Protein chains: 2
Amino acid sequence: MCKRLYFCIQIKKMKRITINDIANNLGITASTVSRALAGNTRVSIKTRGLVLAKAKEMGYQQNVLASSLRKGTSGTIGMIVPRINRHFFSNVISGVEEILNPTGYTLLIAQSGESFTKEQKAVDMLLANHVGGIIISLSVQTQSYEHIQRAIDRGIPLVQFDRINPDIDSAKVINDNFTGAYLATKHLIKSGYKEIGHFTGTLSLNAYAERYRGYAKAMSESGLKINERFVYADAITREAGYNAIVNVLKEDNKPDAIFCAGDYAALGVLDGLKEMAIKIPDEFGVVGFANEPFSELIHPTLTTVEQNAFEMGMRVAKAMIKNLEGKPGREQETISTRLIVRDSSWRGDSVK
Amino acid sequence: MCKRLYFCIQIKKMKRITINDIANNLGITASTVSRALAGNTRVSIKTRGLVLAKAKEMGYQQNVLASSLRKGTSGTIGMIVPRINRHFFSNVISGVEEILNPTGYTLLIAQSGESFTKEQKAVDMLLANHVGGIIISLSVQTQSYEHIQRAIDRGIPLVQFDRINPDIDSAKVINDNFTGAYLATKHLIKSGYKEIGHFTGTLSLNAYAERYRGYAKAMSESGLKINERFVYADAITREAGYNAIVNVLKEDNKPDAIFCAGDYAALGVLDGLKEMAIKIPDEFGVVGFANEPFSELIHPTLTTVEQNAFEMGMRVAKAMIKNLEGKPGREQETISTRLIVRDSSWRGDSVK
DNA sequence: GTATTTTGTGCAAACGTTTGTATTTTTGTA
DNA sequence: TACAAAAATACAAACGTTTGCACAAAATAC
């Protein structure tokens, strides 16, 4: 590798300080140093102080790899999200780090890109890296769950969040999608809209199923009938939202409001309505879901449901830590959502 | 730990398959298995096939920890960004993963949150985790660089991107901030604005310094003088942009356009202008930087400079791999930027 | 046919910890 | 002072790889 010594000398990596170095320096043995650093009471308080001081002096840094190898468990938590550049997910990540970092755990993040194969690979990658636990939000494609089971079989803790599979035995943290959707729909009703449609994502994902459930509940509770022709279950992108609204307004029987299960779809709906010169909110109401940053910046500002992503992240991390500490903790937690009323839906009390 | 055996049985982790298991099973030795799995030609093609088949059959997964420990270098790359939930950074991350993942490297992401202390801690965390390399974009606070030097001294490859320190000896990938800013300012001039101000971030960061340089070049080239009272070097947030524009328009001598070094500041400027009922772009021109997703959604749509974040990420990853493979590679690469003209600045050829 | 090279494996040490057990030192008690 | 108990430390094995070196068997050369 290194043909000539004098080349190596300058390139050579600075040798890391190990516990053996400290031990030799202090004239004690490595095991004592190890225990001292761990704060084990079996080593005298005097030696502990000595070791700590010397470690600092020599610039010792634990070799996490060696430690994990010996202990059989690493302080790394793996996290799989569909996309890191989604406002919601990046904020969940921040929330997780908020709790995890101070405890010394480190987070290994992987993206599934909404692809099942990539999700599988991500799980295997995390397992190969001996993560101590896995946090996951399923991709839209995911329909089979052996990869998840593989992780569980390994005995490593699993926490699902947002896009979960209820049948998998693990801790779960979800948004209160039901209530959010319920309130959003109720709000549209209160605002005087009668023919309310719903654009959402695949109902095989619990998040979307719950939003549909909330929508349906609000409708039936107010004696309104759902027109299934106003319901699209594959409309979560801007483009899909646009296509759906254009499509649905072609019919004789038209809706006068749409509750979208995502802000991007709502954005597409607004695009379509503007194109058709339909007045918002006078003639048509729109509500989104997620409170994406753009939702308060567009015109009209978009009524939407806020999910507390950061809070969710913190709860996820806490659930993970609980599991890592050996406490069972297979509970399902729910993070509350909040309706934010803006211009795209509120016609004032007048209509009420 | 486990007081009662029959409790352990069900909780017990499934034992991992090691190369020793494969070796025993095949009646050969672990070193041969190791070599076979690595595709070493010193083991016969026959044995290699046997080992590979058996490994697959037994569901072998390499213990990355042990491997890294022995090899003294891990296949993990650490990446430190100011904030993960910024459109630009999350896209750079995606770009890095695009290149890194297929090669088997894994990415450990840490956030500095624009805090110097957190950045230092992040570096130490990555070093403790024996990352094979570090990719970093400096926080705005960072003024001292011992932590970076610490990493370099360890001999691990470093790649800086976007917010770099030119004095640190490492590979660097930056945006063509100069040209972007130059074109943006030129465009404003072409659009007929004469008194063009500049709202930017701390000029100690090269990215902002370069944008200033581009702005200055365009101005002087067109024979326009920079009024330093129209230049704010601490205005990168929406709020700061708002305050700055309100402030600057109080004076007798007013600008008629602002080139902002960030879209958020530009957003604040638009807020202020709208509040003061100043017509955009007729009376006042605004250009941002970054092409944040919201910039094409707001009213008026914002002229801005696009940075190719994903491309940048891929280049960063390639530079890292080059370094990991032992090739020196301390070059500085520049990713081109592109002006996107929208409604906030273009008064048409009429004015020209 | 022997000598030499090539090819394929095995052996054992090493990476830096952790941890059960053994050993030494200290302390307390009779 | 002797002797047990307690406290502090040392010893050594283990975690799962990788890799230099040794060795045997096969292939080639003379």
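Per chain, numbering begins at 1; letters A, B, ... match sequence-line order. Hydrogens, waters and symmetry mates play no part in the numbers below; they use all other heavy atoms, side chains included. Everything quoted here is computed from the prediction, not taken from an experiment.
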Item checked: Side-chain donor/acceptor of A/Asn129 to backbone N/O of A/Met125, under 3.5 Å -> yes
Item checked: Pair B/Glu114, B/Ser139: side-chain N/O donor-acceptor within cut-off below 3.5 Å -> no
Next item on the list: Return the value, rounded to whole Å, for the distance between atom CD of B/Gln61 and atom P of D/dG16.
Entry: 14 Å
Checklist line | Pairing partner of D/dC30 (Watson-Crick or G-U wobble, both distances under 3.5 Å) | finding: C/dG1
Where do N or O atoms of nucleotides 12-15 of chain D meet protein N or O atoms at under 3.5 Å, pair by pair?
residue, atom, partner, partner atom, Å
D/dA14, N3, A/Arg70, NH1, 3.3
D/dC15, O2, A/Arg70, N, 3.3

Check: Nearest-Å distance, CD1 (A/Ile28) to C1' (D/dC11)?
Finding: 14 Å
Check: In whole angstrom, what separates A/Arg48's CZ from D/dA8's P?
Finding: 8 Å
Notebook entry, point to check: Any side-chain heavy atom of A/Val92 sitting closer than 4.5 Å to one from A/Val81?
Noted result: no
Note to self: Restricting to ring pair (Phe, Tyr, Trp, His ring centres under 6.0 Å), what partner residues turn up for A/His147, sequence neighbours left out?
What the structure shows: A/Phe116
Next item on the list: Report the C-alpha separation of A/Arg150 and A/Asp124 in whole Å, then their side-chain angles, then the decisive distance to 0.1 Å, and conclude whether the salt bridge (charged side-chain N to carboxylate O under 4.0 Å, His left out) test is met.
Entry: CA-CA 9 Å; A/Arg150 214 155 43 228; A/Asp124 287 337; 3.0 Å; yes
Margin query: Please list, in numerical order, the residues of residues 32-45 of chain B that have a heavy atom closer than 4.0 Å to any atom of DNA chain D.
Written below: B/Ser34, B/Arg35, B/Arg42
Check: Hey, does B/Ile148 have a side-chain heavy atom less than 4.5 Å from the side chain of B/Glu146?
Finding: no
Note to self: I want to check something: taking the side chain as every heavy atom from C-beta on, are B/Leu107 and A/Ile109 in contact at a cut-off of under 4.5 Å?
What the structure shows: no
Item checked: Integer-rounded Å distance: D/dA8 P and A/Leu50 CG -> 14 Å
Checklist line | Test item: A/Glu331 and A/Lys322 side chains (from C-beta on) under 4.5 Å apart, heavy atoms | finding: yes
Notebook entry, point to check: Taking for each residue the nucleotide of DNA chain C bearing the nearest heavy atom, is the 5' side occupied by B/Lys46 or by B/His130?
Noted result: B/Lys46
Checklist line | Nucleotide D/dG16, atom P - distance to OH of B/Tyr60 in whole Å | finding: 10 Å
Margin query: What is the distance, to the nearest angstrom, from the CE atom on A/Met58 to the C1' atom on C/dG16?
Written below: 14 Å
Check: Does a donor on one side chain sit under 3.5 Å from an acceptor on the other, for A/Ser112 and A/Ser115?
Finding: no
Notebook entry, point to check: Across the strands shown, which category fits B/Thr47 at heavy-atom distances under 4.0 angstrom: base, sugar-phosphate, nothing?
Noted result: sugar-phosphate
Checklist line | Interatomic distance, A/Asn20 CG vs D/dC11 C1' [rounded to whole Å] | finding: 13 Å
